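What you are looking at is a predicted structure, and each value in this text was computed from that prediction instead of being measured.
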Amino acid sequence: MSSGAALPSSVERLIEALSRLPGVGPRTAERLAFHLLRTPEPEALALAGAISAMRANTRPCAICGHVSDEELCRICRDTSRDLGLLCVVEEALDLVAIERTGAFRGRYHVLNGALSPMSGIGPGQLRMKELFERVDAATAEGNPVREVIIATNPSPEGDVTLLYLQERLGTKVPSITSMARGLPFGADLQYADTVTILRSLEERRGVE
Ligand SMILES: [Zn+2]
């Protein structure tokens, strides 16, 4: 991957950093770095500034784990949302995809991934404890969750996560539903089109 001594070390460092981005191989990283070398300086520095500002101004929402610029995200701050309806997603981008439909008026819980025994990802690596505590707290406060919609991806990991959540939440919540069945197997929720997500949401079914 290294271009040897042919390039200044600062360029090498950028190429190295870019090549660690998802979907960017060494050749693409070189092309991007050279593009940034030729770009007018203000434009190139605006990119660096946008990365710094994003990192400085965001944090996970204290309730749902979504990306937020305040302690609570915009969705958790919205008092018109239905507290009895909770949609569990793997990633914040899945939440964004569901929000795009405009059809869901409940709240979310972002797990930050899915269970994967093969990769050693267990419940402790995900925001599972926060989910169970949240459901218990809602019951204790007299605003119990009526339905948990499990919107994990239609994948082996998503299915393992779905079954685990059904087992752990089945006794706490009256209705556990899944919207994964409406999506083609292996398709990531965040890349699905709005109509497909909307249909999966409307046709969600109870988890047996
Ligand atoms: Zn939130």
Side-chain angles (χ1 to χ4, degrees), residues 22 60-68 72-78 80-117 119 121-138 143-208:
C61 168
I63 295 178
C64 73
H66 185 36
V67 184
S68 180
L72 301 185
C73 73
R74 235 174 266 176
I75 295 166
C76 290
R77 288 201 303 265
D78 182 351
S80 71
R81 291 267 175 168
D82 183 350
L83 292 176
L85 200 53
L86 191 59
C87 181
V88 179
V89 293
E90 291 181 22
E91 305 288 349
L93 273 178
D94 301 326
L95 177 163
V96 172
I98 295 171
E99 276 299 287
R100 215 173 275 139
T101 67
F104 182 70
R105 296 300 302 160
R107 296 215 287 189
Y108 295 91
H109 192 89
V110 181
L111 292 173
N112 284 344
L115 292 173
S116 178
S119 317
I121 299 175
Q125 274 81 52
L126 305 173
R127 297 184 65 256
M128 291 283 187
K129 189 162 87 60
E130 289 86 344
L131 172 62
F132 305 141
E133 285 173 358
R134 192 178 165 187
V135 168
D136 288 339
N143 290 312
V145 176
R146 300 185 312 277
E147 179 182 353
V148 171
I149 303 169
I150 302 171
T152 50
N153 285 321
S155 65
E157 292 81 10
D159 281 355
V160 171
T161 309
L162 173 72
L163 293 175
Y164 175 79
L165 288 175
Q166 146 74 6
E167 201 179 292
R168 292 294 306 268
L169 292 173
T171 53
K172 298 175 192 277
V173 180
S175 176
I176 310 276
T177 56
S178 158
M179 55 181 274
R181 297 296 168 262
L183 299 165
F185 200 77
D188 260 23
L189 182 66
Q190 64 197 62
Y191 302 125
D193 64 274
T194 303
V195 174
T196 303
I197 295 174
L198 192 57
R199 202 181 51 226
S200 314
L201 193 58
E202 282 167 351
E203 293 174 0
R204 64 187 186 268
R205 268 173 284 173
V207 182
E208 299 304 324

Is there a donor-acceptor contact under 3.5 Å from the side chain of E133 to the main chain of E130? no
Residue R74 excluded, over 12 heavy atoms near CZ under 6.0 Å: no
Just by distance, do the side chain of E90 and the backbone of N153 share a donor-acceptor pair under 3.5 Å? yes
Where do A138 and V145 come nearest, in terms of heavy atoms and distance? CB-CG2, 4.1 Å
Scanning both residues in full, the closest heavy-atom pair of T101 with I98 reads OG1-O, 2.6 Å
Please check: side-chain N/O of H109 versus main-chain N/O of V148, any donor-acceptor pairing under 3.5 Å? no
Given the rule in the side chain to side chain contact (heavy atoms under 4.5 Å, CB included) test, do V160 and E157 qualify, once you have shown the distances and angles that lead to the verdict? CA-CA 5 Å; V160 171; E157 292 81 10; 5.7 Å; no
Using a 4.5 Å cut-off on heavy atoms from C-beta on, say whether the side chain of L165 contacts that of L131. yes
Straight-line distance of E91 CD to D188 CG, nearest 0.5 Å: 8.5 Å
More than 12 heavy atoms of other groups within 6.0 Å of F132 CZ: yes
Side-chain contact test, heavy atoms from C-beta onward, threshold under 4.5 Å: evaluate it for T161 versus V88 and give yes or no. no
Pair V96-H66, side chain to side chain contact (heavy atoms under 4.5 Å, CB included): steps then yes or no: CA-CA 9 Å; V96 172; H66 185 36; 4.2 Å; yes
For a side chain to side chain contact (heavy atoms under 4.5 Å, CB included) with S178, tell me which candidate from T152, D159, L162 qualifies. L162
In short, L189 meets A151 closest at the heavy-atom pair CD2-O, 3.5 Å
Using the rule given for side chain to side chain contact (heavy atoms under 4.5 Å, CB included), can you reason through Q125 versus N112, listing the C-alpha separation, both sets of side-chain angles and the distance that settles it, and then say yes or no? CA-CA 9 Å; Q125 274 81 52; N112 284 344; over 6 Å; no
Between L201 and A103 the two heavy atoms that sit nearest each other are CD2-CB, 4.2 Å
So, does D193 use its side chain to make a donor-acceptor pair with the main chain of V195 at under 3.5 Å? yes
Distance col, row R205:CZ vs M179:CE, nearest 0.5 angstrom, shows 12.5 Å
Ion pair present between R105 and D78, side-chain N to carboxylate O less than 4.0 angstrom? yes
From CG (L85) to CZ (R146), nearest 0.5 Å: 6.0 Å
Answer whether the closest heavy-atom distance between the side chains of R134 and R107 falls below 4.5 Å. yes
Are the side chain of R81 and the backbone of F104 linked by a donor-acceptor contact shorter than 3.5 Å? yes
Residues which pass side chain to side chain contact (heavy atoms under 4.5 Å, CB included) with A62, listed by chain and number, not counting sequence neighbours: E71, L72
Calculate, to the nearest 0.5 Å, the distance between atoms CG and CD belonging to L198 and E203 respectively. 9.5 Å
Straight-line distance of L115 CG to I121 CD1, nearest 0.5 Å: 8.5 Å
N/O donor to acceptor pairs below 3.5 angstrom from side-chain atoms of residues 168-176, sequence neighbours left out:
unit_1 : atom_1 : unit_2 : atom_2 : d
R168   : NH1    : Y164   : OH     : 3.0
K172   : NZ     : D136   : OD1    : 3.0
K172   : NZ     : D136   : OD2    : 3.2

In terms of heavy-atom contacts, A114 and G158 come closest through CB-N, 4.4 Å
With side chain to side chain contact (heavy atoms under 4.5 Å, CB included) as the test, would you mind laying out the steps for D94 and Y108 before giving the verdict? CA-CA 10 Å; D94 301 326; Y108 295 91; over 6 Å; no
Answer whether the closest heavy-atom distance between the side chains of I75 and C64 falls below 4.5 Å. no
Beyond-backbone contact of R204 with E147, side-chain heavy atoms, under 4.5 angstrom: yes
Hey, does L95 have a side-chain heavy atom less than 4.5 Å from the side chain of V67? no
